[in-house]
Amino acid sequence: MATIEHWIGGSFTAGSGHRRGPVFNPATGEQQHEVVLASTADVDAAVGAARAAFESWSQASLSKRTKILFNFRELVNARVGELAELVSDEHGKVLSDAAGEVQRGLEVIEFACGIPELLKGSYTDQASTGVDVFSFREPLGVCAGITPFNFPAMVPMWMHPVAIACGNTFVLKPSERDPSASNYVAGLWREAGLPDGVFNVLHGDKEAVDGLLRHPDVAAVSFVGSTPIARYIHQEGTANGKRVQALGGAKNHAIILPDADLDFAAQHLVAAAFGSAGERCMAISAAVAVGSAGDALMDLVSRKAAEVKVGPGRDPSSEMGPVVTAAAKERIESLIGSGEKQGAKLLVDGRGLRVEGHEGGFFVGPTVIDQVQPSMDVYTEEIFGPVLSTVRADDVDSAIDLINSNPYGNGTAIFTSSGEAARRFQRGVRVGMIGINVPIPVPMAYYSFGGWKDSLFGDKHIHGPEGVSFYTRGKVVTSRWPHVDHASGASLHFPTAS
């Protein structure tokens with residue numbers, strides 16, 4: 001069985017730790033690899049390699065950095081298919097979804113290729129008599145990224161291309177559930193010409209995370225994951241003097257008004273709820289059917305959900321793959337059962353799904369639950385699975401109040417043909433990312449991604465302009481060069497001792 005090792009200082013290493021973790025194929029339920037789990041000494045080695053590389057990389061010209069980034073962009077673009085296969089085999093998502101994930105990461109690389117423009121400072125001539133003032137931004141040092149299992153290629157790419165373009169070095173701690181994509185990307189960085197030590201991959205669990213949070217040479221930490229861990233990362237990181245952006249969980253709502261195109265809304269709700277088996281922080285997990293929209297919408301959603309083709313990610317006919325682990329499957333099915341026990345109406349039940357030839361896989365079918373109350377577990381919990389819960393509301397204002405009373409504030413959407421209702425919604429909801437007839441409003445790479453409330457800890461969103469700001473700090477210089485008359489003392493005469 002192959003062992004997945006760390007990438008430190010430009011080469012693979014098993015490190016000094018003796019612990020190992022299993023890596024499963026979710027479609028079969030079988031272990032396919034093992035991954036080394038970092039010790040404190042391994043954390044020191046990775047951070048040390050990044051710290052040593054920072055001295056020269058931070059002084060590299062913008063021209064050199066940009067050339068390497070463009071090389072990296074071309075390599076990732078040429079290897080989308082290979083990366084997608086790695087993601088599918090360890091995460092479980094279908095190949096088309098995995099390729100889409102890599103493509104969205106590629107967009108951030110393309111954004112980072114514009115770093116010369118993004119790092120341009122400002123200049124004020126003659127701010128006072130003979131005095132000029134100018135500003136510029138400098139890299140922080142060693143930056144760390146701690147990333148989740150659900151987007152093993154894309155989420156790290158939200159971090160390291162921008163950090164590296166800004167002149168920082170980087171230590172990536174990916175999820176130990178699907179670690180291979182990060183090692184593959186490390187090879188692409190090296191092939192692009194990135195100096196050894198600028199990008200490092202450290203595999204591990206809480207020991208590695210705590211080591212990075214407490215290491216004195218780590219200047220900043222980026223995190224994407226659940227809200228309890230995001231809160232811990234922020235508290236522990238800032239207590240140790242680090243700049244932290246920690247993106248947490250979500251309970252994303254979609255409001256459907258009676259004036260919406262219900263067939264269009266149903267089709268997009270199904271895609272948003274069940275794509276990637278619901279294992280994404282921007283998935284729509286709560287539909288809010290307003291007024292008379294409810295019954296007709298539920299009929300359409302139930303029919304479309306039952307038609308979703310579930311199977312292994314490598315099967316081109318599959319539209320939805322398995323969830324990532326057996327524990328995730330068990331938790332999701334338990335929450336579905338709790339909704340039924342607490343009085344919700346189960347319209348489509350995805351429990352107990354068997355896929356022929358893959359009976360050991362971690363499959364949960366699309367599940368639709370109606371008449372959900374805000375007090376039920378299927379509403380309060382972030383399920384992170386293919387489950388769509390539907391709440392009924394009398395009007396748009398009640399739906400907005402429902403969203404605003406939720407502790408999360410990541411993404412939300414409205415389906416309507418009313419511009420007035422859409423404008424009232426976008427101004428009224430306390431959520432960071434909003435879609436109007438767009439169910440998953442993930443912004444383009446030149447905007448920044450992030451939510452509000454318990455979906456974000458820290459004051460900077462990820463990638464885009466706020467990403468550049470997060471990975472740099474500003475300097476302002478006030479300068480004066482007084483005019484001084486000097487007699488040169490130069491003469492064409494032969495020098496003498498007088």
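It should be emphasised that the depicted structure is a prediction, and the values quoted were computed from it without experimental measurement. FYI, side chains are in, hydrogens and waters are out, and symmetry mates aren't considered; it's all heavy atoms of this structure. Throughout, numbering of the chain's residues begins at 1 and tracks the sequence.
A distance of 11.0 Å separates CD1 in I284 from NZ in K251, rounded to the nearest 0.5 Å. Atoms CZ and CG, on F384 and N150 in that order, are 4.0 Å from each other to the nearest 0.5 Å. The CD atom of E107 sits 10.0 Å away from atom CZ of R73, with the distance rounded to the nearest 0.5 Å. In this structure, E191 CD and F72 CZ are separated by 10.5 Å, a value rounded to the nearest 0.5 Å. With rounding to the nearest 0.5 Å, the separation of CD in E381 from OG in S285 is 11.5 Å. With rounding to the nearest 0.5 angstrom, the CZ atom of R190 is 13.5 Å from the CZ atom of F199.
Minimum heavy-atom separation, A50 to T169: O-OG1, 2.9 Å. Closest non-hydrogen pair, I400 versus I255, comes out as N-CD1, 4.1 Å. The two residues K460 and S469 have their closest heavy-atom pair at NZ-OG, 3.1 Å. In plain terms, the two heavy atoms of I68 and L194 that are nearest each other are CG2-N, 3.9 Å. The shortest non-hydrogen separation linking A181 to L86 is CA-CD1, 4.3 Å. The two residues V288 and A399 come nearest to each other via the heavy atoms CG1-CB, 3.8 Å.
With a 4.5 Å cut-off on side-chain heavy atoms, R424 and R427 do not count as touching. The side-chain heavy atoms of S16 and D42, taken from C-beta on, include a pair separated by under 4.5 Å. Using a 4.5 Å heavy-atom threshold, the side chains of S276 and M320 count as separate. Contact annotation: the side chain of E82 approaches that of Y184 to within less than 4.5 Å [non-hydrogen atoms, C-beta and beyond]. When side chains are defined from C-beta on, F425 counts as touching I403, because their heavy atoms get closer than 4.5 Å.
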Go through it in stages, so that I can follow the logic: the residues are S63 and T66, the test is side chain to side chain contact (heavy atoms under 4.5 Å, CB included), and I'd like the CA-CA distance, side-chain angles, deciding distance and then a yes or no. CA-CA 5 Å; S63 176; T66 304; 6.0 Å; no

Determine, step by step, whether C143 and F54 satisfy the side chain to side chain contact (heavy atoms under 4.5 Å, CB included) criterion, reporting the C-alpha distance in whole Å, the side-chain angles of both residues, the deciding distance to 0.1 Å, and the verdict. CA-CA 10 Å; C143 298; F54 177 73; over 6 Å; no

Please report the C-alpha distance between R423 and E420 in whole Å, then the side-chain angles of each, then the deciding distance to 0.1 Å, and finally whether the salt bridge (Lys or Arg N to Asp or Glu O under 4.0 Å) criterion is met. CA-CA 5 Å; R423 190 171 188 275; E420 186 279 329; over 6 Å; no

Would E74 and R79 count as a salt bridge (Lys or Arg N to Asp or Glu O under 4.0 Å) if you check the C-alpha gap in whole Å, the side-chain angles of each, and the deciding distance to 0.1 Å? CA-CA 9 Å; E74 291 304 306; R79 313 283 176 80; over 6 Å; no

Check the pair I115, C166 against side chain to side chain contact (heavy atoms under 4.5 Å, CB included), reporting the backbone distance first and the verdict last. CA-CA 7 Å; I115 199 64; C166 289; 3.9 Å; yes

Salt bridge (Lys or Arg N to Asp or Glu O under 4.0 Å), that's the test. Do R314 and E85 meet it? Break it down for me. CA-CA 8 Å; R314 289 273 196 152; E85 289 175 353; 3.7 Å; yes

Would F449 and M444 count as a side chain to side chain contact (heavy atoms under 4.5 Å, CB included) if you check the C-alpha gap in whole Å, the side-chain angles of each, and the deciding distance to 0.1 Å? CA-CA 8 Å; F449 177 101; M444 298 301 291; over 6 Å; no

Is there a side-chain hydrogen bond (donor to acceptor under 3.5 Å, both in side chains) between H215 and D44 once you walk through the steps? CA-CA 8 Å; H215 200 289; D44 290 341; 3.2 Å; yes

Evaluate the side-chain hydrogen bond (donor to acceptor under 3.5 Å, both in side chains) criterion for residues D259 and T416: first the C-alpha distance (whole Å), next the side-chain angles of each, then the deciding distance (0.1 Å), finally the verdict. CA-CA 6 Å; D259 62 17; T416 182; 2.8 Å; yes

What do the steps show when you test Y123 against S135 for side-chain hydrogen bond (donor to acceptor under 3.5 Å, both in side chains), and what is the final call? CA-CA 7 Å; Y123 191 97; S135 67; over 6 Å; no

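Here the side chain of N252 pairs no donor or acceptor atom with the backbone of T412 at under 3.5 angstrom. With hydrogens and angles ignored, the 3.5 Å screen pairs no side-chain donor or acceptor of K173 with any backbone N or O of A144. Although no hydrogens or angles enter the test, the distance criterion places a donor-acceptor pair under 3.5 Å between the side chain of W57 and the main chain of I164. Without hydrogens or angle criteria, S318 side chain to G321 main chain gives no donor-acceptor distance under 3.5 Å. Judged by distance alone, with hydrogens and angles left aside, the side-chain atoms of N404 form a donor-acceptor pair with the main-chain N or O of G428 at under 3.5 Å.
Ionic pairing of K475 and E138 is present here: one or more N-O contacts between side-chain nitrogen and carboxylate oxygen are shorter than 4.0 angstrom. The existence of a salt bridge linking R177 and E90 is excluded, since no basic side-chain nitrogen approaches an acidic carboxylate oxygen closer than 4.0 Å. Between D132 and R480 no salt bridge is recorded (no basic side-chain N to carboxylate O distance below 4.0 Å).
For K67, the NZ atom is loosely surrounded, since the number of other residues' heavy atoms within 6.0 Å does not exceed 12. Within a 6.0 Å sphere centred on CZ of F12, heavy atoms belonging to other residues, nucleotides or ligands number more than 12.
For the pairing with H234, the side-chain contact (heavy atoms from CB on, under 4.5 Å) check across L213, V244, I229 returns one residue only, V244. Among the candidates E34, H33, E176, the single residue satisfying the side-chain contact (heavy atoms from CB on, under 4.5 Å) test with I4 is H33.
Below 30°, between 30° and 60°, or above 60°: for F134 and F136 the angle between ring planes is below 30°, a parallel geometry. Between Y471 and F170, the ring-plane angle classifies as perpendicular under the 30° and 60° cut-offs.
For the pair K304 and F274, the NZ or CZ position fails the cation-pi test of under 6.0 Å to the six-membered ring centre and within 45 degrees of the ring normal. The cationic group of R231 does not satisfy the cation-pi geometry with F457, failing either the under 6.0 Å distance to the six-membered ring centre or the 45° limit from the ring axis.
Between the side chains of T13 and E5, no donor-acceptor pair of N or O atoms lies under 3.5 Å. Between the side chains of H203 and N183, at least one donor N or O sits under 3.5 Å from an acceptor N or O. Side-chain N/O atoms of E279 and H91 include a donor and acceptor closer than 3.5 Å.
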